[in-house]
Asks: 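Below: one structure in structure tokens.
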Amino acid sequence: MTKKTYARPLAIGALAGVALLAFAAPAHAETEVAEPAEFTSAFTVMATPDQVINNDGVATPGEAGATGTFTFRINSELDIICYDIRLEGVTGEYQSPAKTATHIHEATVGQAGPPRIAFPNPTPVGDGPRTSSGCLQGPFTTGVQANGADTGDGFSLAEIEANPSGFTGDSHTVGSPAGVVRGQLTAIPVGGVDTGAGGSAEAGTTPLVVSAALGGAGLLAAGAVVLHRRRAVSSR
């Protein structure tokens with residue numbers, strides 16, 4: 001069977017050349033990269049204080065009234081994750097033993113687990129909303145050691161795609177070191193909507209490629225994802 005791919009057209013001319021060069025070689029940890037032309041999956045996190053668990057697995061509510069919205073778009077073939085994170089009602093400075101205080105942890109509901117990816121902390125620190133966005137390419141490191149290795153060592157984004165409910169997004173502050181907010185990853189959407197008039201929702205398409213043209217900010221603003229896809233013709 002010929003594999004189907006879904007993609008949006010790439011820019012032409014000089015911009016296309018720059019985009020191709022951006023993915024010519026893998027980036028090192030902590031290096032921001034350009035947004036890829038397509039994604040194999042997308043996830044959202046609705047993070048709240050009541051979901052926070054400390055390292056002993058004990059419920060340790062974060063800051064009352066705080067909320068977090070995380071949107072992640074993944075291209076697992078390139079090991080790139082694009083993130084859009086917004087924290088509201090969060091006060092105080094960040095604090096974490098990791099290299100940043102905003103993470104994806106491998107942990108199911110009600111359980112503690114190690115950080116696998118560390119993201120730049122949303123800014124500015126103050127009374128208003130804090131935001132951060134960008135794209136990171138593996139290999140990933142967190143700055144946290146377990147059994148003599150960084151907890152990001154060997155981690156791949158395909159692991160999130162295989163079991164998104166086994167991962168959480170969170171952020172940590174001085175006042176809430178166990179986590180100011182936390183929430184499980186949820187795949188979005190179950191199906192896509194084809195472009196063109198009369199497009200209909202589809203379910204069970206895995207992996208699902210999300211058009212980069214949407215941008216993470218659009219996902220957050222709308223509270224839903226509309227996927228623009230173009231089918232490639234496959235031979236049988």
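This chain uses plain numbering: 1 for the first residue, then up along the sequence. The structure displayed is predicted, hence computed values, not measured ones.
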Asks: Between Ser41 and Glu161, does a side-chain hydrogen bond (donor to acceptor under 3.5 Å, both in side chains) hold up when you go through it step by step?
Replies: CA-CA 7 Å; Ser41 59; Glu161 292 184 328; 2.7 Å; yes
Asks: Indicate yes or no for a side-chain donor-acceptor contact from Asn75 to the backbone of Glu38 under 3.5 Å, with no hydrogens or angles considered.
Replies: yes
Asks: Please name the pair of heavy atoms, one in Leu78 and one in Pro36, separated by the smallest distance, quoted to 0.1 Å.
Replies: CD1-CB, 4.1 Å
Asks: Which heavy atom in Phe140 sits nearest to a heavy atom in Phe155, and how many Å separate them?
Replies: CD1-O, 4.1 Å
Asks: Quick one: does Gln111's side chain have a donor or acceptor within less than 3.5 Å of a partner on Thr108's backbone?
Replies: no
Asks: Show your reasoning for whether side-chain contact (heavy atoms from CB on, under 4.5 Å) applies to Ile74 and Phe43.
Replies: CA-CA 8 Å; Ile74 288 174; Phe43 304 91; 3.7 Å; yes
Asks: Provide the closest heavy-atom pair for Leu157 versus Asp79 in the form atom of the first, atom of the second, distance.
Replies: N-OD1, 3.2 Å
Asks: Between Thr48 and Gln51, is any side-chain donor less than 3.5 angstrom from a side-chain acceptor?
Replies: yes
Asks: Yes or no on side-chain hydrogen bond (donor to acceptor under 3.5 Å, both in side chains) for Thr186 and Thr44, after CA distance, side-chain angles and deciding distance?
Replies: CA-CA 5 Å; Thr186 301; Thr44 189; over 6 Å; no
Asks: Taking the six-membered ring for Trp, are Phe70 and Phe72 parallel (under 30°), tilted (30 to 60°) or perpendicular (over 60°)?
Replies: tilted
Asks: For a 4.5 angstrom cut-off between non-hydrogen side-chain atoms, does Pro61 reach Val52?
Replies: no
Asks: Apply the test side-chain contact (heavy atoms from CB on, under 4.5 Å) to residues Tyr83 and Cys135: give CA-CA distance (whole Å), side-chain angles for both, the deciding distance (0.1 Å), then the verdict.
Replies: CA-CA 6 Å; Tyr83 58 93; Cys135 300; 5.7 Å; no
Asks: Just how far is it from atom CG of Asp153 to atom CG of Asn147, taken to the nearest 0.5 Å?
Replies: 11.5 Å
Asks: Would you find a donor on one side and an acceptor on the other, under 3.5 Å apart, between the side chain of Ser96 and the backbone of Ala98?
Replies: yes
Asks: Hey, is the main chain of Ala107 close enough, under 3.5 Å, to the side chain of Gln184 for a donor-acceptor pair?
Replies: yes
Asks: Which value, rounded to the nearest 0.5 Å, describes the distance between Phe119 atom CZ and Ile81 atom CD1?
Replies: 4.0 Å
Asks: Assess whether side-chain contact (heavy atoms from CB on, under 4.5 Å) is satisfied between Ile104 and Val45, documenting all intermediate values.
Replies: CA-CA 10 Å; Ile104 285 179; Val45 174; over 6 Å; no
Asks: Would Ile85 and Ile160 show up in the same hydrophobic cluster when neighbours are defined by side-chain heavy atoms closer than 4.5 Å?
Replies: yes
Asks: Indicate yes or no for a side-chain donor-acceptor contact from Arg86 to the backbone of Arg130 under 3.5 Å, with no hydrogens or angles considered.
Replies: no
Asks: Are the side chains of Ser176 and Gln95 in contact, using a 4.5 Å heavy-atom criterion?
Replies: no
Asks: For Leu185 and Thr168, which heavy atoms make the closest approach, and how far apart are they?
Replies: CD1-C, 3.7 Å
Asks: Before accepting this row, confirm whether a basic side-chain N of the pair Asp84/Arg73 lies closer than 4.0 Å to the acidic partner's carboxylate O.
Replies: yes
Asks: Looking only at side chains, do Ser76 and Thr40 share a donor and an acceptor under 3.5 Å apart?
Replies: yes
Asks: Counting distance only, does the side-chain N/O of Glu63 pair as donor-acceptor with the main-chain N or O of Gly179 below 3.5 Å?
Replies: no
Asks: Got a sec, which residues hit side chain to side chain contact (heavy atoms under 4.5 Å, CB included) with Asn54, two or more places apart in sequence or on another chain?
Replies: Asp56, Val58, Thr60, Ala178
Asks: Is Val180 reachable from Val174 through a run of hydrophobic residues whose side-chain heavy atoms are each under 4.5 Å from the next?
Replies: no
Asks: When rounded to the nearest 0.5 angstrom, what distance separates CZ in Arg116 from OG1 in Thr141?
Replies: 13.0 Å
Asks: Do you know which two heavy atoms are closest between Leu136 and Ala118, and how far apart they sit?
Replies: CD1-O, 3.8 Å
Asks: Using the side-chain hydrogen bond (donor to acceptor under 3.5 Å, both in side chains) definition, which of the options Glu106, Lys99, His105 pairs with His103?
Replies: His105
Asks: Which pair of non-hydrogen atoms, one from Cys82 and one from Glu35, has the smallest distance, and what is that distance?
Replies: SG-CG, 4.0 Å
Asks: Other residues, nucleotides and ligands only: do more than 12 of their heavy atoms fall within 6.0 Å of CG on Asn163?
Replies: yes
Asks: List for me each residue that meets side chain to side chain contact (heavy atoms under 4.5 Å, CB included) alongside Asn121, sequence neighbours excluded, and say none if there are none.
Replies: Tyr94, Thr100, Ala101, Thr102
Asks: Looking at Val181, is its backbone amide N or carbonyl O close enough to the side chain of Asp170 to form a donor-acceptor pair, meaning the two atoms are under 3.5 Å apart?
Replies: no
Asks: Could you walk me through whether Ser171 and Leu87 pass the side-chain contact (heavy atoms from CB on, under 4.5 Å) test, one step at a time?
Replies: CA-CA 9 Å; Ser171 193; Leu87 301 177; 3.8 Å; yes
